[in-house]
Peer 1: 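Quick one: the structure is below, questions incoming.
As the structure lists them, so they are numbered: ligands from 1, and atoms in each ligand from 1.
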Amino acid sequence: MRRTFLDPQLDADFEEYGFVVVPFLDAEQVAKLTELYWEDGPAPDDPRTTIFFDFQSEVAEFKQKRVEKLRPLLDPLLDDLLDDHHCFFPNYIMKWPGDRSGFAAHQDTALVDESRFKSLTIWCPLTDTGLIDGHDNGMLYVVPGSHRFADWVRAHEPGDFAFHGSEQDIVERHGVGVVAGAGEAIVFDHRLVHFSLPNDSTEPRLVVAMGIRPGDAQLTHYRRHADDKAFDAYAIDDEYFTTLNPFLLREGVPGYEKIATVPSTRPTFTPAEFSALCEAVGPGPVSAQGRYVSDAHRPDHINADPFCLRCGSNEGLEDVEHGEHGNVQYLCAACAA
Ligand SMILES: O=C(O)CCC(=O)C(=O)O
C-alpha cells in the first residue's frame, strides 16, 4: 500500500489509528474561508436546522461555483502534507445549532479500490470544536483503529453499516471526541467509524472539508447487490460531486458507466466482538496530548426525533421507529414524491 503522508510518523499513526490531527490553516486562511462561505451563504436548499454537507444540495451551479472558489485556496495546501494526492471535492459542512444536527455513527462510502488505495477526508473546523462552555458544538468523534476491523466494500446505500448492532455502544463508549481548534484538521480514512452529536451551542459550527484520493487511484461509486454478495462499480470523476446528489443517486448513477462487478460478503460482528476489537486498539495517539473528551454528555439517540433529510421537517415521520442509524435515511412523503 502506498504511503499517504510525507511525514513518516503521521503516516504510521494514520495506518494504525485511521486518523491524525495536524495544523492545516492559519488564522488568516480561517477568516478567508469563513468569509467565502457567508459570501454566497448556505446552499439555497439547506433547511438550516440539521447538518448540511454541500454534496446534499440539488443546485448543481451553486456547488460548482463553491468548488471553483475553494480549489485555489485549498489545493496548494496538499503538497506539503500528502504524497501525490488529489482533492476530488472541496466543500463545507455546516452543523446548525439545535437537536437535529447530529450525524450517526458510520463509515464513509468506499470511493477507490481499497485493496490497493486509501481515500480520506481532511476535516478542518473554522471555529474551535469541542466542549465550549460545557456544550459540545459538534466535535468529531472517532473509533480509533476501526478502519481495520472489516474488509467490506461500503456502498452508497444509507443504513449499510458493517457494525450494525453496536451503534449505541459506539456513541456511549467506543467513540472518543477529538478536540480540534479552528484551522486544525482531523484527517481520517474513509473506513474509520465516526459521528458527531447535535450542535449544542448557539453558534453554527462550520467545517471546510476536502475529499481526497491518491493521485493514481480511479474514483469509483459502488452499489450493493440485494443478496449482499457483490457490488457494481461505476467509474466517476470530480464532477460527480457537483452534478449529482444523494436524491438523484437513489435510483442509479446517471451519466456514469459501470466498469466492474466486485464480489464481497457482508461481515458480521456481535457487540462483544466489536468491543474486543476496540479494546485491543486502545484510545489512539491524541490521548497522549490530552485532547480527547471522553466524558462529554452522550444522548440516547444522536438526534432528538426523526426528520426529513431533504427539507428538515418531521411531518409524517412522527411514528417512524427512530433507530440507531440517526437521520441520514428518512424522507417525508412530499420529498419522496
Ligand atoms: O461534520 C461532521 O460533523 C460529520 C462529518 C462526517 O461524518 C463526514 O465527513 O463523513
Peer 1: Using non-hydrogen atoms of the residue, decide whether F195 is closer than 4.0 angstrom to ligand 1.
Peer 2: no

Peer 1: Would you call K258 and D232 a salt bridge, using N to O less than 4.0 angstrom?
Peer 2: yes

Peer 1: Once rounded to the nearest 0.5 Å, what's the spacing between atom CG of N91 and atom OH of Y37?
Peer 2: 11.5 Å

Peer 1: Considering only heavy atoms from C-beta outward, does the side chain of F103 approach that of Y141 to under 4.5 Å?
Peer 2: no

Peer 1: Side chains of W123 and P125, heavy atoms from C-beta outward: is any pair under 4.5 Å?
Peer 2: yes

Peer 1: Which part of R205 is near ligand 1, with near meaning a heavy atom under 4.0 Å away: side chain, backbone, both or neither?
Peer 2: side chain

Peer 1: Under a 4.0 Å heavy-atom limit, does I51 contact ligand 1 with its side chain, its backbone, both, or neither?
Peer 2: side chain

Peer 1: Should the pair F241 and F89 be assigned to parallel (<30°), tilted (30 to 60°) or perpendicular (>60°) ring geometry?
Peer 2: parallel

Peer 1: Tell me: protein heavy atom nearest atom 8 (C) of ligand 1, and distance?
Peer 2: H194 NE2, 3.5 Å

Peer 1: Does either side chain, that of H221 or that of Y256, offer a donor lying less than 3.5 Å from an acceptor on the other one?
Peer 2: no

Peer 1: Among all protein heavy atoms in this structure, tell me which lies nearest to atom 7 (O) of ligand 1, with the distance rounded to 0.1 Å.
Peer 2: H106 CE1, 2.9 Å

Peer 1: Under a 4.0 Å N-O cut-off, is there an ion pair linking R3 with D11?
Peer 2: no

Peer 1: Measuring from I51:CD1 to I302:CD1, what's the distance to the nearest 0.5 Å?
Peer 2: 10.0 Å

Peer 1: Going by the order shown, which atoms of ligand 1 are within less than 4.0 Å of some heavy atom of F53?
Peer 2: 5 (C), 6 (C), 8 (C), 9 (O)

Peer 1: Does ligand 1 have any atom sitting under 4.0 Å from a heavy atom of T121?
Peer 2: no

Peer 1: Quick check on contacts: which atoms of ligand 1 are under 4.0 angstrom from a heavy atom of I93?
Peer 2: 1 (O), 9 (O)

Peer 1: By number and element, which atoms of ligand 1 are closer than 4.0 Å to a non-hydrogen atom of F103?
Peer 2: 7 (O)

Peer 1: What's the shortest distance from atom 3 (O) of ligand 1 to any protein heavy atom, and which residue and atom give it?
Peer 2: S196 OG, 2.6 Å

Peer 1: Which residue owns the protein heavy atom closest to atom 5 (C) of ligand 1, what's the atom, and how far is it?
Peer 2: W123 NE1, 3.6 Å

Peer 1: Only heavy atoms of D108, strictly under 4.0 Å: list the atoms of ligand 1 that pass.
Peer 2: 10 (O)

